[in-house]
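These notes concern the structure reproduced below.
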Amino acid sequence: MNDLQRNESVRRKLAAWWDTNARDLPWRFGRTTPWGVLVSEVMSQQTQMSRVVPYWETWMRAWPDAAALADATTAEVITAWGRLGYPRRALRLQDCARAVRDRYADELPRTYDELTGLPGIGDYTASAVLSFAFGERIAVIDTNIRRVLSRVFLGEESLGGSAKPAERELVNRVLPADAARSVTWNQSVMELGATVCTAKRPLCDVCPVAEHCAFLAAGRPGLGERRTRPRQRFAGTDRQVRGIVLDALRGLPDGQSVLERSRIESLWADHVQLDQCIASLDEDGLIDMLPDGGVRLPQ
DNA sequence: TTCCGGTGTC
DNA sequence: GACACCGGAA
């Protein structure tokens with residue numbers, strides 16, 4: 001079997017697998033707008049999809065389109081973002097909504113350059129929106145797709161930081177020529193990476209393309225090898241302190257918006273670090289500092 | 001305790 | 001191209 005036949009065989013197997021195994025997420029199967037797809041992609045960047053679902057449902061009910069989100073208060077946006085993580089992304093998503101409303105009359109643009117020109121939208125999200133929302137033929141490159149394609153076609157783990165040129169060439173080379181098939185390809189490869197071809201413990205027993213997988217044939221060399229990524233500590237870092245402050249603000253009772261200085265000081269013993277974090281949250285636009293030392297979510 | 005990730009920034 | 005950013009799963 002030559003490369004082309006193998007590629008086509010993998011495609012057919014994955015498409016059949018997708019038909020019966022795709023998770024029934026509310027932004028799939030044409031049930032939402034391109035904007036809804038974009039929101040789901042931004043939320044899914046840092047959080048597993050199953051945990052995103054309830055946030056996405058609430059968010060889209062409150063702000064069904066870009067114009068609606070553009071008009072929300074920052075406090076509302078940060079509160080609705082909840083514990084999704086990376087709260088600055090919630091602000092960027094609102095910036096993005098304002099740009100879509102102002103530059104594109106509330107209609108998401110359909111070109112890569114216009115999409116990546118929006119706040120918070122990089123290569124991955126632009127490609128994902130073009131493929132999943134607009135049905136365009138474009139290679140989507142995220143870590144799941146890199147891991148799956150590298151294993152199946154190269155027989156090796158995808159290691160290291162950003163995608164290298166050779167990796168991008170592979171992803172483009174195996175992308176089906178037909179647009180509709182390319183969309184299913186992107187979705188099914190990504191889904192396989194999320195649910196079967198996982199990083200540490202791939203479920204090769206139930207994998208629909210096991211018979212074509214170069215990685216499995218090679219005896220899964222280097223399975224679960226550490227990706228070279230600088231690891232980030234957590235305990236005691238600014239990251240933890242910032243989260244504690246925002247969480248306290250989100251948890252204020254209805255009708256109360258200001259966190260008093262004395263309450264702030266009870267959140268963290270090291271007041272030097274605490275004040276640094278308050279200042280950085282203020283710089284990020286995530287909180288407002290009041291003259292009396294209190295803070296609140298921006299109105 | 002360790003590990004995970006897309007974007008923006010420097 | 002290194003690093004910060006978050007919270008939760010493993």
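All heavy atoms count here, side chains included; hydrogens, waters and symmetry mates do not. Numbers restart at 1 for each chain; the letters A, B, ... are given by sequence-line order, proteins then strands.
- Residues satisfying the side chain to side chain contact (heavy atoms under 4.5 Å, CB included) criterion with A:Ala217, sequence neighbours excluded, are absent altogether.
- For the pair A:Arg147 CZ and B:dC4 P, the computed distance is 10 Å after rounding to whole Å.
- Taking atom CZ of residue A:Arg239 and atom C1' of nucleotide B:dT2, one finds them 11 Å apart after rounding to whole Å.
- The hydrophobic cluster around A:Phe215 extends to A:Leu223, counting ILVMFWY residues whose side-chain heavy atoms fall within less than 4.5 Å of a member.
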Tabulate below the donor-acceptor pairs under 3.5 Å that side-chain atoms of residues 118-135 of chain A make, not counting sequence neighbours, or state none.
from     : atom 1 : to       : atom 2 : distance (Å)
A:Asp123 : OD1    : A:Tyr112 : OH     : 2.7
A:Asp123 : OD2    : A:Arg168 : NH2    : 3.2
A:Tyr124 : OH     : A:Glu41  : OE1    : 2.5
A:Thr125 : OG1    : A:Gln45  : NE2    : 2.5
A:Ser127 : OG     : A:Asp123 : O      : 2.8
A:Ser131 : OG     : A:Asn186 : ND2    : 3.0

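- The side chain to side chain donor-acceptor pair (under 3.5 Å) check on A:Arg51 picks up nothing, with sequence neighbours excluded.
- For A:Asp247 and A:Arg201, each mapped to the nucleotide of DNA chain C holding its nearest heavy atom, the one lying further toward the 5' end belongs to A:Asp247.
- Mapping A:Lys200 and A:Thr125 onto DNA chain B by nearest heavy atom places A:Lys200 closer to the 5' end of the strand.
- Without hydrogens or angle criteria, A:Arg137 side chain to A:Ala180 main chain gives no donor-acceptor distance under 3.5 Å.
- The interatomic distance linking A:Arg146 (CZ) with B:dG6 (C1') rounds to 11 Å, in whole Å.
- Residues passing the side chain to side chain donor-acceptor pair (under 3.5 Å) test with A:Arg250 are A:Asp247, sequence neighbours excluded.
- Distance A:Arg88 CZ to B:dG6 C1': 12 Å, rounded to the nearest Å.
- For A:Ala62, the side chain to side chain contact (heavy atoms under 4.5 Å, CB included) criterion is met by no residue, not counting sequence neighbours.
- The side chain to side chain contact (heavy atoms under 4.5 Å, CB included) search around A:Arg101 returns A:Ala67, A:Ala70, A:Asp71, A:Arg98, not counting sequence neighbours.
- Shown here are the ring-ring contact (aromatic ring centres under 6.0 Å, His included) partners of A:Trp59, two or more places apart in sequence or in another chain: A:Trp63, A:Trp81.
- Here C:dC5 presents its C1' atom at 17 Å from CE of A:Met43, a figure rounded to the nearest Å.
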Short N/O separations, protein against nucleotides 8-10 of chain B, under 3.5 angstrom:
from  : atom 1 : to       : atom 2 : distance (Å)
B:dG8 : OP1    : A:Gly120 : N      : 2.4
B:dG8 : OP1    : A:Ile121 : N      : 3.4

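- Nucleic acid contact class of A:Asp284 (heavy atoms, under 4.0 Å, all strands): none.
- Rounded to whole Å, atom P of B:dT1 lies 11 Å from atom CD of A:Gln240.
- Taking only side-chain nitrogens and oxygens, A:Thr143 never comes nearer than 4.0 Å to OP1 or OP2 of B:dC4.
- The OG atom of A:Ser280 lies 10.0 Å from the CD atom of A:Gln273; values are rounded to the nearest 0.5 Å.
- Stacking between A:Tyr86 and C:dC5 is absent: the aromatic ring centre is not both under 5.5 angstrom from the base six-membered ring centre and within 30 degrees in plane angle.
- Heavy-atom distances under 4.0 Å link DNA chain B to no residue of residues 186-195 of chain A.
- Contacts of A:Asp238 with the nucleic acid, taken as non-hydrogen atoms under 4.0 Å apart, are absent.
- Considering only residues two or more places apart in sequence or on other chains, A:Asp292 meets the side chain to side chain contact (heavy atoms under 4.5 Å, CB included) condition with A:Glu260, A:Leu290.
- Side-chain N/O atoms of A:Arg89 include none lying less than 4.0 angstrom from OP1 or OP2 on B:dT7.
- Using a 4.0 Å heavy-atom cutoff across all strands shown, A:Thr47 reaches no nucleic acid atom at all.
- As a whole-Å value, the separation of A:Gln94 CD from B:dT7 P is 20 Å.
- Shown for residues 48-57 of chain A: no residue has heavy atoms falling under 4.0 angstrom of DNA chain B.
- Straight-line distance from the CZ atom of A:Arg83 to the P atom of C:dG7: 6 Å, rounded to whole Å.
- With C:dC6, B:dT7, B:dC3 as the candidates, the nucleotide lying closest to the side chain of A:Leu286 is C:dC6.
- No donor-acceptor pair closer than 3.5 Å links the side chain of A:Arg146 to the backbone N or O of A:Ile141.
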